[in-house]
Amino acid sequence: MQKYFELTSALEYIEDHMLDNCSQADIAHAACVSLSALQKMFRFTFGYSINEYIMKRKMTTAAEELSETKIPVADLAFKYGYTSTEAFSRAFSKVNCVLPSEYRKGKRAQAVFTPLQIDDTGIHRKSPLLIEAVHRAKDCYIVCFDVAGMVKINEISKEAGNLALMEAVRRIHTHAVENMQIFRIGGDEFALITPYPNISDAEAFAAGVLAHNGEPFFYKGQPVPLYLRSWYGKNVLTEAAPNPAKELQQKVKYQGVTEIQNEK
C-alpha cells in the first residue's frame, strides 16, 4: 500500500498521544510528511479527517471508561480535552448515540471504533468487544439495523442526523431485553447480539423495532419520518474475521429490509 509508513506512523502517534491534545502538525512531524499531504492522504485512505478520527477514538475509549469506572463525567470531559461537560456530551452523543448519563445507565450502543490497522492486505479494524460478545452468544442470532435515507436526513443538517441516530437507538432499546448488547458498527448501522437461538424470536424482535417505521422524530419543531432496515442471521463470526463489524454492516446495508414478511 502506498504511503504505508506515513499512515502507520500517524495512527500509532495518535494512539500514543490521544490524551495529550496533540496537534495535526505534531502528527505530521511524527509521520515525516507535510501536514497538507497527511491530511489529504488520511482522508483519501480512511474516509475521515484527522480530527474526526481522533474525536471518534477519544469518545470510544471514554465510553469504555464510563461503563467500567465511576469517574464523574466532568472529570472524564477534562481528561479528554474538553473545557465543559456540555461540549463533551455533544461529542460523546455523536459517536455513541446517547448522552453520557444514559450510557452509564446501560442504554447504550457500544461504538466499535477501535484503532485502524494497515498491512499488505489492506485496512483492518479489530473488534474485540464485538467478538467477545459473539463468543458468549454462540449459536444465537445477530440482528442488525441501519437508518434508511440517512443521506437525506444529513442534508437537513448534521444535527438532524445525530437526532435520527439517537432515535434509532431509543427504538432498539425499547424492544431489547436485559443484557442484550448493542454495538454501533458503522455510521448509521447497529448490531445486537441476542440470546435467541430460534429464528422466530429474532424475527419478532426485528419486526417490533421496524413497526415504528414512519414515526417521526422532531428537528427544530419539524417532524422528520424515520425508517430503519433490518437483517438477522445466525451467529457465525469468529476471531479470524478481519473486520467483523464491516461484515455485519454490509449485510444490513445490502440485504436489510424495512418490513418483516410473515410467511405463516
Side-chain angles (χ1 to χ4, degrees), residues 60-61 63-64 66-68 95-98 102-117 121-148 165 168-213 227-264:
T60 298
T61 55
E64 293 172 5
L66 198 63
S67 61
E68 295 172 0
V95 177
N96 297 291
C97 302
V98 292
E102 293 298 305
Y103 193 95
R104 177 160 271 168
K105 293 176 184 177
K107 296 181 179 180
R108 63 185 67 154
Q110 175 70 53
V112 190
F113 204 88
T114 50
L116 288 170
Q117 300 174 339
T121 63
I123 302 167
H124 308 285
R125 170 175 279 128
K126 298 296 183 182
S127 304
L129 293 178
L130 178 59
I131 291 295
E132 181 182 335
V134 163
H135 284 177
R136 288 200 302 267
K138 186 178 180 181
D139 297 326
C140 291
Y141 275 80
I142 298 176
V143 181
C144 299
F145 296 95
D146 85 327
V147 178
L165 294 174
V169 170
R170 188 196 67 78
R171 291 183 186 181
I172 294 168
H173 270 294
T174 297
H175 295 272
V177 299
E178 188 175 0
N179 297 323
M180 186 182 287
Q181 286 188 273
I182 305 175
F183 294 89
R184 184 180 181 183
I185 56 174
D188 60 342
E189 297 90 13
F190 303 89
L192 291 90
I193 314 301
T194 79
Y196 304 138
N198 300 315
I199 190 172
S200 58
D201 292 327
E203 185 176 85
F205 171 70
V209 175
L210 296 187
H212 298 281
N213 275 351
Y227 292 83
L228 302 184
R229 279 188 293 258
S230 181
W231 170 90
Y232 48 90
K234 201 73 168 180
N235 177 358
V236 294
L237 292 176
T238 68
E239 287 186 14
N243 194 335
K246 188 172 183 179
E247 281 190 33
L248 294 174
Q249 182 185 7
Q250 296 296 312
K251 287 183 182 297
V252 69
K253 183 66 71 177
Y254 297 110
Q255 301 177 33
V257 298
T258 55
E259 182 179 358
I260 302 299
Q261 300 294 329
N262 192 332
E263 298 180 355
K264 293 182 179 181

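Residue pairs meeting the salt bridge (charged side-chain N to carboxylate O under 4.0 Å, His left out) criterion with at least one member in residues 190-199, sequence neighbours excluded, do not occur.
Glu189 contributes atom CD, which lies 13.0 Å from atom CZ of Phe145 (distance to the nearest 0.5 angstrom). Here Leu210 contributes atom CG and Tyr227 contributes atom OH; the two are 12.0 Å apart, rounded to the nearest 0.5 Å. With values rounded to the nearest 0.5 angstrom, Asn198 atom CG is found 9.0 Å from Cys140 atom SG. Put simply, CG on Leu248 and CD1 on Ile185 are 5.0 Å apart, with the number rounded to the nearest 0.5 Å. Between the CZ atom of Phe205 and the CG atom of Leu192 there is a distance of 4.5 Å, given to the nearest 0.5 Å. With values rounded to the nearest 0.5 angstrom, Asn96 atom CG is found 8.5 Å from Leu66 atom CG.
When the salt bridge (charged side-chain N to carboxylate O under 4.0 Å, His left out) test is applied to Arg171, the partners found at least two apart in sequence or on another chain are Glu167. Residues passing the side-chain contact (heavy atoms from CB on, under 4.5 Å) test with Pro195, sequence neighbours excluded: Val177, Met180. Contacts of Thr60 classified as side chain to side chain donor-acceptor pair (under 3.5 Å), with partners at least two apart in sequence or in another chain: none. Take Tyr103 and apply the ring-ring contact (aromatic ring centres under 6.0 Å, His included) test, not counting sequence neighbours, and it matches Phe92. Tyr196 pairs by the ring-ring contact (aromatic ring centres under 6.0 Å, His included) definition with nothing, not counting sequence neighbours. Every residue two or more places apart in sequence or in another chain that forms a salt bridge (charged side-chain N to carboxylate O under 4.0 Å, His left out) with Asp188 is listed here: Lys253. Among residues two or more places apart in sequence or in another chain, the salt bridge (charged side-chain N to carboxylate O under 4.0 Å, His left out) test is passed with Arg229 by Asp146. Legend: residues meeting ring-ring contact (aromatic ring centres under 6.0 Å, His included) with His175, ordered by chain and number and at least two apart, are His212.
The two residues Glu102 and Val98 have their closest heavy-atom pair at CB-CB, 4.1 Å. Closest approach of Cys97 to Arg184, counting heavy atoms only: SG-NH1, 3.7 Å. Here the closest non-hydrogen pair linking Tyr141 and Pro197 is CE1-O, 3.6 Å.
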Pair Val147-Leu228, side chain to side chain contact (heavy atoms under 4.5 Å, CB included): steps then yes or no:
CA-CA 5 Å; Val147 178; Leu228 302 184; 3.8 Å; yes

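Arg170 contributes no side-chain N or O that, together with a main-chain N or O of Ile172, makes up a donor-acceptor pair within less than 3.5 Å.
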